[in-house]
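The structure appears right after this line, and notes come after that.
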Amino acid sequence: MDKLKSVLSGEEARRDDRNIIQQMNQASTLGWGTRIKGFIACFVVGAACTVLGVCVLFLPKIGITLFIVFYTFGNICALCSTMFLMGPMNQLKRMCDKTRALATTLMLTCLVLTLCAAFWWKNFGLALLFVILQVLSFTWYSLSYIPCVREAIMRMLAMCMK
């Protein structure tokens, strides 16, 4: 009955005027307790996958492949865990901020290239190189959320190079 009233009164047309982002944001509102539980669960799954990946690294024949899959999936879970705290749209906006757009691009590129090197190109040396780059880019991305830390590191590196 409420649906019929909203259609007849014209409210339904006004609701359709909202863009898809507003609809997604409204549909994905979670309570603070649920957000914390989601963050912890996703982060624990990510950490467990990373540790499991290191544990299976030395298995014959499939160890490197499993390591790459578990490690990459662990990083993706860790990245998604913060979406529970901030919300998906806020997280995406912050990822594309001008201060961390390069770090985000490098991190996501390394994630994709790691999987491509392992499964499409079948080059495990290249895949391991991309895993190392994944670690570095994820660290650099994480540091972008701490004010002034990246600049301090760049200054220290510049001083060490002299």
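The distance from the NZ atom of K61 to the CG atom of L59 is 12.5 Å, given to the nearest 0.5 Å. Atom NZ of K37 is separated from atom CD1 of I40 by 9.5 Å, given to the nearest 0.5 angstrom. Taking CD of E151 as the start and CE of M156 as the end, the distance is 12.5 Å to the nearest 0.5 Å. In this structure, L128 CG and T114 OG1 are separated by 9.0 Å, a value rounded to the nearest 0.5 Å. With values rounded to the nearest 0.5 angstrom, L129 atom CG is found 4.5 Å from L133 atom CG. Rounded to the nearest 0.5 angstrom, I132 CD1 and C110 SG are separated by 11.0 Å.
Looking at heavy atoms from C-beta onward, Q91 lies out of side-chain contact with L85 at the 4.5 angstrom threshold. Contact check for M95 versus L92: side-chain heavy atoms found under the 4.5 Å cut-off.
Sorted by first then second residue, the ring pair (Phe, Tyr, Trp, His ring centres under 6.0 Å) pairs that include residues 102-142, not counting sequence neighbours, are Y141-Y145. Sorted by first and then second residue, the ring pair (Phe, Tyr, Trp, His ring centres under 6.0 Å) pairs with a member in residues 68-97 read F67-Y71; sequence neighbours excluded.
Nearest heavy-atom pair, S81 versus F39, reported as atom, atom and distance to 0.1 Å: O-CD1, 3.2 Å. When all heavy atoms are compared, the tightest approach of C96 to A101 is O-CB, 4.1 Å.
Of the possible donor and acceptor atoms, one in the side chain of R100 sits under 3.5 Å from a partner among the backbone N and O of S144.
Linking Ile, Leu, Val, Met, Phe, Trp and Tyr residues whenever their side-chain heavy atoms come within less than 4.5 Å leaves L143 and M159 in two separate clusters. V135 and V56 fall into different hydrophobic clusters, where Ile, Leu, Val, Met, Phe, Trp and Tyr are joined by side-chain heavy atoms under 4.5 Å apart, directly or via other members. When hydrophobic clusters are built by joining Ile, Leu, Val, Met, Phe, Trp and Tyr residues whose side-chain heavy atoms come closer than 4.5 Å, directly or via intermediates, V69 is grouped together with F58. Transitive grouping of hydrophobic side chains (ILVMFWY, heavy atoms separated by less than 4.5 Å) brings V54 and L57 into a common cluster. Hydrophobic clustering (side-chain heavy atoms under 4.5 Å, transitive across Ile, Leu, Val, Met, Phe, Trp, Tyr) groups V131 together with I64.
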task: Starting from the C-alpha separation in whole Å, work towards a yes-or-no answer on side-chain contact (heavy atoms from CB on, under 4.5 Å) for M83 and N90.
output: CA-CA 8 Å; M83 287 188 186; N90 196 12; over 6 Å; no

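Using a 4.0 Å cut-off between charged nitrogen and carboxylate oxygen, D97 and R94 do not count as a salt-bridge pair.
The side-chain contact (heavy atoms from CB on, under 4.5 Å) test applied to L111 returns T72, N75, I76, L108, Q134, not counting sequence neighbours.
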